[in-house]
Amino acid sequence: MSFEALGLHASLVKAVAEAGYTQPTPVQAQAIPAAIAGRDLLVSSQTGSGKTAAFMLPALNKLANAEIVQARTTAQSAQSARAKGERVRFTAAQPKMLVLTPTRELALQVTSATEQYTTDMRRIRAVSILGGMPYPKQMQLLAKNPEILVATPGRLIDHMESGKIDFSELEILVLDEADRMLDMGFIDDIEKIVAATPASRQTMLFSATLDGVVGNMARRITKDPQTIQIMSAANRHENITQRVHFVDDLSHKNRLLDHLLRDEGLDQAVVFTATKRDADMIADRLNIAGFAAAALHGDMHQGARNRTLDSMRRGQVRVLVATDVAARGIDVPTITHVVNYDLPKFPEDYVHRIGRTGRAGRNGLAISLVNHAEGMNVKRIERFTKQLIPVDVVEGFEPKRSAPARTGARAGWKPGDGRNAAKPGQRSFAKPGYADRAPREGGFADRAPRQDNGFARPADSRYADRGPRENAGAPREGFRRDAAPRAAAPAGAPRDAGHRGPRPEGARRDSGFAKPSAHPRSADGTRRSFGEY
DNA sequence: AAAAAAC
């Protein structure tokens with residue numbers, strides 16, 4: 001299957017080849033012919049599946065075939081009138097295509113991808129309309145009467161209301177990451193924008209999900225749409241090898257991080273932190289250690305964020321240390337490693353984070369550095385993704401508290417080598433202790449929520465190949481949960497509400513550490529002084 | 001203790 005076979009214009013096929021793509025992805029293979037045939041599209045696929053090209057290529061095809069000289073005339077006549085010294089009112093831009101995205105970054109990515117595809121089609125221009133951009137500059141862009149606007153909703157409405165944009169000529173409307181736009185409260189804005197476009201338009205909606213609110217809106221704004229649901233390998237993250245490393249404390253974590261970043265297979269990495277402050281500090285520290293690192297977080301100005309992402313794309317930055325700003329949308333194919341320095345707050349964010357690697361059909365490695373106390377958060381992620389994440393130990397970086405040792409899991413891993421990843425439909429991993437075992441009945445992934453009885457749980461299947469503990473039955477030292485059973489939660493108490501019941505008198509010895517209320521602690525449980533905050 | 005979207 002080739003791009004020619006999908007019915008694309010020769011110059012587009014050439015541009016796509018120059019961008020390094022030879023084969024359409026599954027979304028592209030389905031979406032492009034349907035869109036060229038003029039159908040409305042509802043596409044559920046996640047980032048990394050090549051969806052920008054899936055809507056942009058057929059759209060450019062349509063625009064290239066259309067008579068675009070006419071679109072130029074308004075701008076041209078205004079120009080010649082100005083040349084004659086006449087006063088000319090600004091004529092509203094009359095775009096042929098509008099792409100709405102939830103974030104500025106995504107809009108910029110779509111615009112630059114479009115510029116790549118249109119190198120041989122210089123008459124077609126794409127322009128970003130974003131908040132945070134100076135108005136005079138945007139007026140210049142709009143005065144060129146570009147065929148394609150890529151916009152975030154707020155600023156676009158701003159321009160619409162002041163009469164700078166006229167959608168009467170609009171032929172194609174694309175809503176990218178529609179679910180996220182709704183999550184972010186853009187529903188009224190989207191309705192308003194859609195209402196300003198001609199009913200004759202072609203509409204393409206892309207979203208991670210097509211049910212619920214998104215589905216309702218999708219059906220309202222499309223006509224007889226073709227629904228495309230792609231569960232590609234990239235969507236299921238099968239090309240991404242996932243690992244958990246247990247760490248004892250912050251210094252252990254930092255040493256391990258440095259070691260992992262020296263992996264010979266590492267091209268570029270994203271390190272995720274829980275706070276903006278940590279992103280800055282770790283980037284600084286890594287720079288001093290010689291890593292070519294840069295921070296990325298929401299406290300940075302838009303310009304600085306764009307510059308950082310650009311130098312990441314150009315390969316000047318090898319380690320990006322970021323908060324969840326970078327969890328979604330960032331598309332840099334050369335990212336081989338994602339490291340969760342801190343686990344994300346929500347399992348959903350974990351999935352978005354690890355999706356920063358394994359782009360464009362490549363393989364990637366996603367490593368989470370986890371304090372022993374965070375084991376429960378790993379479980380939540382595993383439950384959410386319905387996959388077990390193998391625990392890994394690096395020689396020389398063994399945690400003091402014996403974490404489940406799974407030697408060999410990591411040995412010899414190289415990017416471009418996804419053999420450790422789960423195969424389609426496979427619940428377990430091709431590792432000793434998993435490969436030869438059928439999935440446990442009522443296994444972890446589909447087990448009903450456990451009733452918390454306050455006791456340590458029976459061995460996790462992940463540890464099962466270790467056999468029984470030598471000192472099984474004896475209280476493990478330093479394990480609070482073994483010190484004394486907690487009182488059972490009262491009947492009807494919400495699960496996971498943090499209920500502990502009254503602690504039996506003397507059940508917990510004074511650890512010597514201040515209580516969390518007195519001293520904020522990092523996710524490691526490492527105490528930090530107030531001065532650091 | 002994140003993020004994001006208009007001025």
Side-chain angles (χ1 to χ4, degrees), chain A residues 47 99-110 128-139 142 149-165 175-193 208 250 270-283 295-302 304-306 308-309 320-330 340-353 355-356 371 373-374 377 516-533:
Chain A
T47 47
V99 182
L100 282 179
T101 72
T103 65
R104 299 170 188 175
E105 271 89 359
L106 185 56
L108 289 171
Q109 279 184 32
V110 171
S128 298
I129 299 298
L130 313 172
M133 193 184 274
Y135 278 86
K137 196 183 164 201
Q138 284 201 329
M139 295 318 295
L142 288 176
L149 295 186
V150 185
T152 47
R155 182 62 72 92
L156 185 77
I157 287 195
D158 192 355
H159 286 306
M160 278 167 58
E161 285 176 347
S162 55
K164 305 292 191 305
I165 301 173
L175 304 188
D176 201 0
E177 302 203 0
D179 53 331
R180 252 184 104 192
M181 288 202 275
L182 297 192
D183 281 350
M184 287 167 68
F186 282 140
I187 187 149
D188 292 344
D189 289 353
I190 291 173
E191 301 274 6
K192 202 184 275 182
I193 294 166
L250 264 187
V270 185
V271 175
F272 283 102
T273 62
T275 66
K276 298 179 261 202
R277 198 177 142 275
D278 271 352
D280 277 331
M281 290 203 327
I282 292 164
L296 185 74
H297 57 69
D299 273 359
M300 291 163 54
H301 288 296
Q302 194 63 46
R305 278 155 60 173
N306 295 342
T308 303
L309 275 180
L320 186 70
V321 189
T323 59
D324 279 325
V325 225
R328 301 168 183 249
I330 285 180
N340 288 313
Y341 186 86
D342 296 304
L343 285 176
K345 218 166 175 179
F346 304 103
E348 197 186 341
D349 292 327
Y350 174 85
V351 176
H352 290 295
R353 284 183 179 188
R356 292 320 97 208
N371 181 267
E374 293 176 302
N377 295 338
S517 57
H519 273 288
R521 294 190 294 174
S522 78
D524 298 296
T526 320
R527 199 173 107 203
R528 294 184 188 174
S529 72
F530 270 123
E532 287 179 21
Y533 279 79

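In what follows, every chain begins at residue 1, and chains take the letters A, B, ... in the order their sequences are listed. All values reported here derive from a predicted model rather than from experimental measurement. Because only heavy atoms are used, hydrogens play no part in the values below, and waters and symmetry mates are left out as well, while side chains stay in.
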Can you list everything that forms a ring pair (Phe, Tyr, Trp, His ring centres under 6.0 Å) with A:F346? Sequence neighbours excluded, please. none
A:T103 side chain: which of B:dA4, B:dA6, B:dA2 is closest? B:dA4
Picking from B:dA6, B:dA4, B:dA3, which would you name as closest to the side chain of A:H297? B:dA3
For A:G185, which contact category applies under a 4.0 Å heavy-atom criterion: base, sugar-phosphate, or nothing? nothing
Candidate list A:D176, A:V150, A:T152, test side-chain contact (heavy atoms from CB on, under 4.5 Å), partner A:L106, passing option: A:D176
If I take atom CG from residue A:N377 and atom CG from residue A:L343, how far apart are they, to the nearest 0.5 angstrom? 6.0 Å
Is the phosphate of B:dA4, meaning OP1 or OP2, less than 4.0 Å from a side-chain N or O of A:R305? yes
For A:K345, which residues count as a side-chain hydrogen bond (donor to acceptor under 3.5 Å, both in side chains) partner, sequence neighbours excluded? none
At under 4.0 Å, does any side-chain N or O of A:R104 touch on OP1 or OP2 of B:dA5? yes
Output yes when at least one side-chain N/O atom of A:T323 is less than 4.0 Å from OP1 or OP2 of B:dA3, else no. yes
Whole-Å distance, A:E105 CD to B:dA5 C1', equals 12 Å
Quick check on B:dA6: is either OP1 or OP2 less than 4.0 Å from any side-chain nitrogen or oxygen of A:T152? yes
Tell me what A:K276 touches on the nucleic acid: a base, only sugar-phosphate, or nothing, going by heavy atoms under 4.0 Å. sugar-phosphate
Sugar-phosphate only, base, or nothing, as touched by A:F272 at under 4.0 Å among non-hydrogen atoms: nothing
Once you apply a heavy-atom cut-off of 4.0 Å, does A:P344 come out as touching a base, just sugar-phosphate, or nothing? nothing
From the list B:dA5, B:dA2, B:dA6, which nucleotide is the closest neighbour of the side chain of A:M184? B:dA5
